[in-house]
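A short worksheet on the structure shown next.
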Amino acid sequence: MTTTPSATAAAPSALPAEQPVDPALWWRQAVVYQVYPRSFADADGDGTGDLAGVTSRVPHLERLGVDAVWLSPFYPSALADGGYDVDDYRDVDPRLGTLEDFDRMVAALHAAGIRLIVDIVPNHSSDRHAWFRAALAAGPGSPERERYVFRRGLGADGAQPPTDWLSIFGGPSWEPVGDGDWYLHNFAPEQPDWNWDHPDVRADFRRTLRFWADRGVDGFRIDVAHFLTKDLTGVLPTQAELEATQDLTDGAHPFNDRDDVHDVYREWRAVFDEYDPPRMAVAEAWVPAHRRPAYASAEGLGQAFNFDLLVAEFDAAAFRRVVEENLLLAADAGSSSTWVLSNHDVVRHASRYGLPAGTPRIPWLLSQGTDPAPDLVRGVRRARAATAFVLALPGSTYVYQGEELGLPEVADLPDAVLQDPTWLRSRGADKGRDGCRVPLPWTRDGDSLGFGPEGGRPAHLPQPASFAELAVDVQEADPASTLAFYREALARRAGLQTVEELEFLDAPEGVVAFRRPGGWVCVTNFTTAPVPLPAGRVVLSSSGRPPGEGLTDVPAETTVWLTPVEPADAVATGAGGATGR
Ligand code: GLC
């Protein structure tokens with residue numbers, strides 16, 4: 001029986017019973033938990049997280065209720081870019097374990113009903129990859145150099161780079177190798193770009209996909225999916241021309257979002273479809289919205305991230321616009337939408353939402369997170385509201401490790417411990433992404449707060465004292481904790497999940513309300529004052545108040561989920577008339 005006073009007698013149809021999901025389509029509305037393995041759990045005590053650590057924490061993931069794990073790179077790597085500089089695509093970094101540890105992890109995840117997505121980094125290898133070493137050794141003009149993007153330097157002695165292009169991490173995009181040749185690296189110098197015109201490169205990546213699919217991997221997250229193919233023939237534009245005149249919408253840029261990149265993904269689709277169920281893939285493609293469906297098409301990768309909520313303010317109109325646009329784009333592609341509030345590349349959303357609107361990231365990080373000081377209570381309140389909002393949407397939600405604990409960005413890491421190439425390459429002009437990669441606190445006490453075993457080496461990025469009270473064991477004991485809220489939300493969501501449709505409901509300014517088929521209603525109050533609660537039975541409130549306990553309003557900066565009231569409840573509460581918005 002509900003105690004919600006605004007219950008209506010005109011109850012919508014009952015919620016559908018749990019619908020069987022076609023095993024080939026499990027990913028369409030999945031909750032996927034991103035593990036950044038070096039910062040998740042350290043089983044061997046060397047200060048760096050590892051695969052045995054992931055295995056040991058499968059019960060946490062199971063209890064959380066996620067459908068899948070996306071594992072960021074765990075391959076052998078010198079860590080010039082947190083593992084996105086891959087030495088060998090078909091092995092495990094010895095500091096993280098072995099292939100047998102990988103198999104044990106897959107078995108443990110699968111036994112818990114959790115699927116696994118691994119990260120594939122196809123735009124660049126590391127400079128320690130066997131083929132790059134061979135290219136360096138073989139010299140200019142050799143077939144070995146053809147697998148990467150080598151060009152002669154300009155000037156009589158080849159001492160000038162082929163172009164003045166700038167890399168994404170800062171500094172030039174070309175690196176000289178001492179014999180008149182230069183190689184292209186769109187990211188760090190330790191990340192040489194592959195030549196995707198080369199059949200060896202294409203064949204080797206298909207082999208890598210099969211290697212992991214054969215080991216039981218269920219899908220792939222494709223790093224920088226919008227790069228890969230290049231056309232560097234003819235006269236190359238300057239950096240200024242690239243920025244000013246290169247059209248990023250016509251698919252003919254020298255290396256960014258080219259139309260021919262989709263030939264690669266069509267080949268990969270054939271590989272994915274060799275498996276039953278077919279392996280899924282999701283593209284990390286930072287492209288204009290109208291270019292995204294191509295990545296998400298069923299002939300290509302099948303799904304693409306949209307990062308629109310990473311840059312949206314906590315604002316009703318902004319959130320609604322993002323949802324409307326992305327549901328259309330996903331429908332265009334025949335895919336489902338993705339929703340992302342945090343990942344390993346951005347400031348954690350509990351901190352973002354505690355800052356005044358429009359706070360620029362770089363100066364804030366350079367002020368060690370003090371100017372302005374975030375209101376973390378508010379940040380977490382809004383973060384929980386935003387999480388409940390996205391979890392109610394059609395499509396899949398990607399959760400970044402630690403957001404279930406409401407972890408803030410660690411903005412005051414000392415310079416000496418910073419690892420991110422954006423910090424090093426920008427010579428301190430950008431503090432980089434280490435603040436969201438600090439190891440998780442599992443226990444309130446103990447060395448590295450349970451990240452590693454007692455007596456082990458300190459965590460590779462130091463945890464702030466404030467992490468102790470946010471530890472998993474502290475939050476497990478508190479029914480009002482963010483962890484308890486995530487568990488409740490994911491469990492509810494699993495029971496309410498329905499076909500991929502949504503209908504917006506009328507709502508006052510500053511409020512977004514929508515209904516899913518079967519009558520699951522989500523109302524988010526983005527304002528700082530309570531608003532009246534619509535009709536229905538409250539089954540979740542992001543403000544942590546237990547459902548059904550006399551809620552009369554949607555509190556400030558809170559999301560509430562409601563389900564239809566059964567007629568018996570309506571009679572019992574004496575409520576009459578439809579009061580739904
Ligand atoms: C992607 C990854 C990021 C990495 C970059 C280069 O954007 O998410 O962490 O630095 O690719 O591989």
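Indexing begins at 1, ligand by ligand and atom by atom, following the structure's order. Only a predicted model underlies this, so the values are computations on that prediction, with no experimental measurement involved.
Between Asp223 and Arg221 there is a salt bridge, with a side-chain nitrogen of the basic residue lying less than 4.0 Å from a carboxylate oxygen of the acidic one. The pair Asp204-Arg90 meets the salt-bridge criterion, since a charged nitrogen lies less than 4.0 angstrom from a carboxylate oxygen. The pair Arg348-Glu403 does not meet the salt-bridge criterion, since no charged nitrogen lies less than 4.0 angstrom from a carboxylate oxygen. With respect to the salt-bridge test (charged N to carboxylate O, under 4.0 angstrom), the residues Arg147 and Asp200 qualify.
Near Arg437, meaning under 4.0 Å from one of its heavy atoms, ligand 1 places the atoms 9 (O). Counting atoms of ligand 1 from 1 in the listed order, those under 4.0 Å from a heavy atom of His124 are 6 (C), 12 (O). Residue contact check: Val224 has heavy atoms under 4.0 Å from atoms 1 (C), 11 (O) of ligand 1. Near Asp81, the atoms of ligand 1 lying under 4.0 angstrom from a non-hydrogen atom of the residue are 4 (C), 5 (C), 6 (C), 10 (O), 12 (O). For ligand 1, the atoms sitting less than 4.0 Å from at least one non-hydrogen atom of Glu284 are 1 (C), 7 (O), 8 (O), numbered in the order shown with element in parentheses. Ligand-side atoms of ligand 1 in range of Arg433: 3 (C), 4 (C), 9 (O), 10 (O), range being under 4.0 angstrom from any heavy atom.
The N/O atoms of Asp223, backbone and side chain alike, include one that comes under 3.5 Å of an N/O atom in ligand 1.
Side-chain rings of Tyr183 and Tyr148 stay apart, their centers remaining 6.0 Å or farther from each other. In summary, the aromatic rings of Trp165 and His185 are positioned with their centroids too far apart to meet the 6.0 Å limit.
Nearest to atom 9 (O) of ligand 1 by heavy atom, out of Asp345, Asp119, Thr422, Asp85, is Asp345.
Here Phe227 has no heavy atoms under 4.0 Å from ligand 1, in either its backbone or its side chain.
The closest approach between a heavy atom of Phe169 and any atom of ligand 1 is below 4.0 Å.
Every ring pair (Phe, Tyr, Trp, His ring centres under 6.0 Å) that Phe74 has, sequence neighbours left out, goes to Phe102, Trp212.
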